[in-house]
Amino acid sequence: MSLKFTIVKKLDGTLGRAGSIQTPHGTIETPAFITVGTKATVKSLNSDQIKEIGIQCVLANTYHLYLQPGDELVKRAGGLNKFMSWKGPTMTDSGGFQVFSLGVAFGKGITKMTKGKELLLPEARPDDEGLPKLVTIDHDGVMFRSHLDGSAHYFTPERSMEIQHNLGADIIFAFDECTSPTESIHYQSEALDRTHRWAKKSLERHLELSKQNSEQSLKGGLQAPALFGIVQGGRHENLRKESAQFLADLKVNGVGFDGFGIGGSFEKEDMGSAVRWANEILPEDKPRHLLGIGEPEDLFQGVENGVDTFDCVAPTRNGRTGTVYTVTGKKHIGNAEFIDKFAAIDPDCGCYTCKNYTCAYINHLFRGKEMLAGTLASIHNLYFVTHLVSGMRKAILEGNFVRYKEDFFNTYKRLS
RNA sequence: GCGGAAGUAGCUCAACUGGUUAGAGCACUCGCCUGUCACGUGAGAGGUUGCGGGUUCAAGUCCCGUCUUCCGCG
């Protein structure tokens, strides 16, 4: 496999560690925050801006790129890196999250992270009646109805691997079923069996394709990616542990996964323990990615519990919709208090936005619905989160992680 | 000066022949967003219906007066 993971230093008394992941397109120093670029673009930013922020890696999406412009086209373009003109490491998600986001979550306001356990009660679940259904799950795969034009597309683990190999990211993920936090333990268990069955099929097909790829790469084709298996199991300790063990042990012709993703949806307070259950079992010498997690408090929890990389839409989506991160918490930059605040979002921030623009100006851009608004806020938010996590790495290496965390939460308050 | 039309939320406009608590869009205020269906979305505040009389059980709506604006004619 084309990936090498090295642990440089561990965080005493926890599962945390600082290390590096070497990929064909460069090294990711971990812990690291990875930026989401679903459709081969970090929304509103170009490659130079992504690089200047200090972003190490971009994660794109299989389902979206398969629908548009098509994985074959991306392959013809020379792969994801060339297509989007990004020289650093890349990942692609398998489409497993869309089983959830376009499935049971579609149009119902259910999110990956629930707040308040009442949502987990069956009687609080929204009714299915009259709502559009874009996903049908069966034993072998998932039928998606395109959110773009309604056309039907059947995804299997094998198909997801083929698409991801065409896209050509450095790290790809097994096709899984991301379940809703509102599902019963019975359903979670059933879904987990599916995810495990699909994990094996993903690995098998991946190895076949890798063999073909390596023959092609001698002739100048794309290098074979590394494959991460995904741990599921919802909020349940036994399922999480079972899943971690299954994936850790899974081998095809003596070859296992190159790393692991931890997926699923959580009740806010349960996330840390769900991650710990998995990471206590997953092999220490393989990298672990926590899928779709990204608020500052969650990132600290993830790192302490042994997560190496994260991806999350929060910095970019929040930025585009007017919420910015500051050392005292999140703020709505479009609010009236910023109309005439002629100072940077954070005077001590080193990002391009804070070095060049005032709150008043960004407030004006949001009120005027100017495109630059989302760009400037995204730059700031990505810088904030990226450097928060790289700061954790530095703190682990220097042995002052606890103080780093305390200093952060001394001023940072959650909005809600 | 004469004739006509129109005055309803900050703005643009609704409200069948009089009939509950005068609505909507935008703007405004405040939320929300965690492997992107997303430059998305929810809620709230905001009106003595130009002003003054009258008819009626009941008036944004009908009548009279008055003010303002627009159009046409002098």
Side-chain angles (χ1 to χ4, degrees), chain A residues 33-45 58-65 67-68 91-103 105-115 131-135 144-150 160 171-179 181 228 230-232 261-268 271 289-299 301-302 307 309-323 325 330-332 334-337 339 365-378 381 385 414-416:
Chain A
F33 182 82
I34 284 150
T35 295
V36 175
T38 302
K39 296 192 277 188
T41 167
V42 178
K43 293 185 194 299
S44 86
L45 303 184
V58 174
L59 176 141
N61 185 282
T62 298
Y63 165 83
H64 295 262
L65 290 174
L67 286 182
Q68 188 184 59
M91 298 182 177
T92 46
D93 184 25
S94 61
F97 183 68
Q98 279 61 45
V99 180
F100 166 67
S101 65
L102 300 179
F106 189 81
K108 294 181 202 163
I110 298 176
T111 60
K112 184 178 168 65
M113 191 72 87
T114 59
K115 283 179 194 154
L131 285 164
K133 196 177 183 186
L134 299 187
V135 166
F144 289 103
R145 228 162 243 294
S146 162
H147 65 285
L148 297 175
D149 63 8
S160 176
I171 296 171
I172 68 176
F173 285 90
F175 189 59
D176 65 325
E177 178 182 346
C178 179
T179 55
F228 283 24
I230 300 181
V231 177
Q232 289 289 348
I262 301 172
S265 44
F266 310 94
E267 207 277 328
K268 185 92 176 165
M271 193 210 74
H289 179 87
L290 182 53
L291 288 150
I293 292 301
E295 288 296 341
E297 60 272 21
D298 303 322
L299 296 168
Q301 265 199 74
V307 173
T309 53
F310 303 85
D311 73 273
C312 191
V313 302
T316 42
R317 186 187 290 171
N318 277 329
R320 271 200 319 288
T321 55
T323 302
Y325 290 94
K330 287 190 280 187
K331 303 270 192 255
H332 303 289
N335 282 8
E337 61 174 303
I339 288 173
L365 294 179
F366 271 103
R367 283 169 188 262
K369 302 197 191 310
E370 285 293 334
M371 290 193 293
L372 187 59
T375 299
L376 294 181
S378 292
N381 282 353
V385 173
R414 286 172 55 188
L415 263 186
S416 52

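Just so we're on the same page: letters track the sequence lines, and every chain starts at 1.
In this structure, A/S101 reaches the B/rC37 phosphate: one of its side-chain N or O atoms is under 4.0 Å from OP1 or OP2. Taking 4.0 angstrom as the limit, A/R320 places none of its side-chain polar atoms (N or O) nearer than this to OP1 or OP2 of B/rU41. Regarding contacts with the backbone of B/rC30, a side-chain N or O of A/N335 is found under 4.0 angstrom from either OP1 or OP2. Taking side-chain N and O atoms only, A/H64 has no distance below 4.0 Å to OP1 or OP2 of B/rU36. For the pair A/T111 and B/rU34, the criterion of a side-chain N or O lying under 4.0 Å from OP1 or OP2 is met.
In terms of position along RNA chain B, the nucleotide closest to A/L291 lies nearer the 5' end than the nucleotide closest to the other residue of the pair A/E370 and A/L291. Between A/K369 and A/E295, the residue anchored nearer the 5' end of RNA chain B, judged by the nucleotide with its closest heavy atom, is A/K369.
Distance from the side chain of A/H332 is smallest for B/rC32 among the nucleotides B/rC39, B/rG35, B/rC32.
For the side-chain contact (heavy atoms from CB on, under 4.5 Å) criterion with A/P315, the lone passing option out of A/V385, A/V36, A/T323 is A/V385.
B/rU49 and B/rC62 are spaced 15 Å apart, taking the C1' atom of each and rounding to whole Å. Between the P atoms of B/rG23 and B/rA6, the separation comes to 24 Å (whole Å). For the P atom pair drawn from B/rU56 and B/rG3, the interatomic distance equals 30 Å after rounding to whole Å. Of the C1' atoms belonging to B/rC16 and B/rU29, the separation is 36 Å, rounded to the nearest Å. One C1' atom belongs to B/rG54, the other to B/rG18, and the distance between them is 15 Å to the nearest Å. Atom name C1', nucleotides B/rC33 and B/rA27: the rounded distance is 23 Å, in whole Å. Comparing the C1' positions of B/rC63 and B/rC71 gives an interatomic distance of 26 Å, to the nearest angstrom. Separation of the P atoms belonging to B/rC30 and B/rU66 is 47 Å when rounded to the nearest angstrom.
The CG atom of A/L45 lies 9.5 Å from the CG atom of A/L376; values are rounded to the nearest 0.5 Å.
Note: A/F144 and A/F175 have perpendicular aromatic rings, judged against thresholds of 30 and 60 degrees for the angle between ring planes.
Put simply, the side chain of A/T62 does not reach to within 4.5 Å of the side chain of A/D93, judged on heavy atoms.
Between A/H332 and A/F366, the ring centre distance reaches or exceeds 6.0 Å. Less than 6.0 angstrom separates the ring centroid of A/H289 from the ring centroid of A/F173.
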Taking Watson-Crick and G-U wobble contacts under 3.5 angstrom, with | marking pairs to another strand and [ ] crossing pairs, the secondary structure of RNA chain B is written (((((((..((((.....[...)))).(((((.......))))).....(((((..]....)))))))))))).
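Across all non-hydrogen atoms, the minimal contact from A/C312 to A/G292 is SG-O, 3.9 Å.
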